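Count residues from 1 along the sequence. Being a predicted model, the structure only gives us computed values, none of them experimental.
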Amino acid sequence: MNYEDMLNEAREKLPQTSTATSRFEIPNVRGQIEGNKTIISNFYQIADTLGRKPQHLLKYVLKELATPGTFRKQAVVLGSKVSASKINEKIKAYADEFVFCKECNGPDTKMVKEGDVYYIKCQVCGARHSFYSKI
């Protein structure tokens, strides 16, 4: 039996990885439109669930939506009318890029800066991935 055969046999014996993230649910955006502005009332809760700083998440969302925005008390005010589904889509994209581990797809990661390089370090499998912060 050669190495490739043994490797294939070992892979077959491994348990199937679960892609379900039932224990980790990103909350949907709660908010309303007032005039030409969109107010998100649970933005801090979303950032806390993702385990990231609200400033980093907001910077990403604003860049992706191409709209201005600011923090106001416990809410975020976007400078244009944006649908909740569009905001949820951008937050999901943020989680895929900056939260979920690239190896095990788990949400248990920390963003770490070493020198000038940012890393996403998985608390479960120990994988570490560097990324260039585009935001």
Are side-chain heavy atoms of Thr38 and Ile87 found at a separation under 4.5 Å? yes
Please tell me if the side chains of Glu64 and Tyr94 come closer than 4.5 Å, counting only heavy atoms from C-beta onward.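 Contact flag for Glu64/Tyr94 side chains = no.
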Membership question, hydrophobic clusters at under 4.5 Å side-chain separation (ILVMFWY): are [Y] and [X] in the same one?
X	Y	result
Val82	Leu62	yes
Val77	Leu58	no
Leu78	Ile39	no

Could you pull out all residues at least two apart from Glu9 that satisfy salt bridge (Lys or Arg N to Asp or Glu O under 4.0 Å)?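 For Glu9 the salt bridge (Lys or Arg N to Asp or Glu O under 4.0 Å) partners, ignoring immediate neighbours, are Lys13.
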Which value, rounded to the nearest 0.5 Å, describes the distance between Cys125 atom SG and Asn105 atom CG?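 One gets 9.5 Å once the value is rounded to the nearest 0.5 Å.
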Would you indicate whether Asn2, at its atom CG, is surrounded by more than 12 heavy atoms from other residues, nucleotides or ligands within a distance under 6.0 Å?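 Above 12, so yes.
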I'd like to know whether CG of Asp5 has more than 12 heavy-atom contacts from other residues, nucleotides or ligands below 6.0 angstrom.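 Atom CG in Asp5 is packed in, count exceeds 12.
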Output all residues satisfying side-chain contact (heavy atoms from CB on, under 4.5 Å) with [X], sequence neighbours left out; order by chain, then residue number.
X	value
Asn8	Arg11
Pro27	Asn42, Gln45, Ile46, Thr49
Lys102	His129
Ala47	Pro54, Leu57

So side-chain hydrogen bond (donor to acceptor under 3.5 Å, both in side chains) across residues 70-81, not counting sequence neighbours, yields Thr67-Ser80
Which pairs with one or both residues in residues 26-51 pass ring-ring contact (aromatic ring centres under 6.0 Å, His included), sequence neighbours excluded?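 Listed by first then second residue: Tyr44-Phe71.
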Lys90 to Tyr60 - nearest heavy-atom pair and separation: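 Between these two residues, the closest heavy atoms are O-CE2, 3.4 Å.
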Can any side-chain N or O of Thr109 pair as donor or acceptor with the backbone N or O of Val99 at less than 3.5 Å? yes
Are any side-chain N or O atoms of Asn28 and backbone N or O atoms of Asn88, one a donor and one an acceptor, separated by less than 3.5 Å? no
Mind checking what makes side-chain hydrogen bond (donor to acceptor under 3.5 Å, both in side chains) contact with Asp96, not counting sequence neighbours? Lys92
Of all residues at least two apart in sequence or in a different chain, which pass the side-chain hydrogen bond (donor to acceptor under 3.5 Å, both in side chains) check with Glu4?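 None.
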Inspect the contact between Glu114 and Lys121 and indicate whether a charged nitrogen and a carboxylate oxygen are less than 4.0 angstrom apart. no
Should side-chain heavy atoms under 4.5 Å link Ile, Leu, Val, Met, Phe, Trp and Tyr, which residues sit in the same cluster as Tyr3?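 Besides Tyr3, the cluster holds Leu7.
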Members sharing Tyr119's hydrophobic cluster (side chains within less than 4.5 Å):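 When side chains under 4.5 Å apart are linked, the cluster holding Tyr119 also contains Val117.
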Can you tell me which residue pairs pass the salt bridge (Lys or Arg N to Asp or Glu O under 4.0 Å) test with a partner in residues 27-54, sequence neighbours excluded?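 Pairs touching residues 27-54 that pass the test: none.
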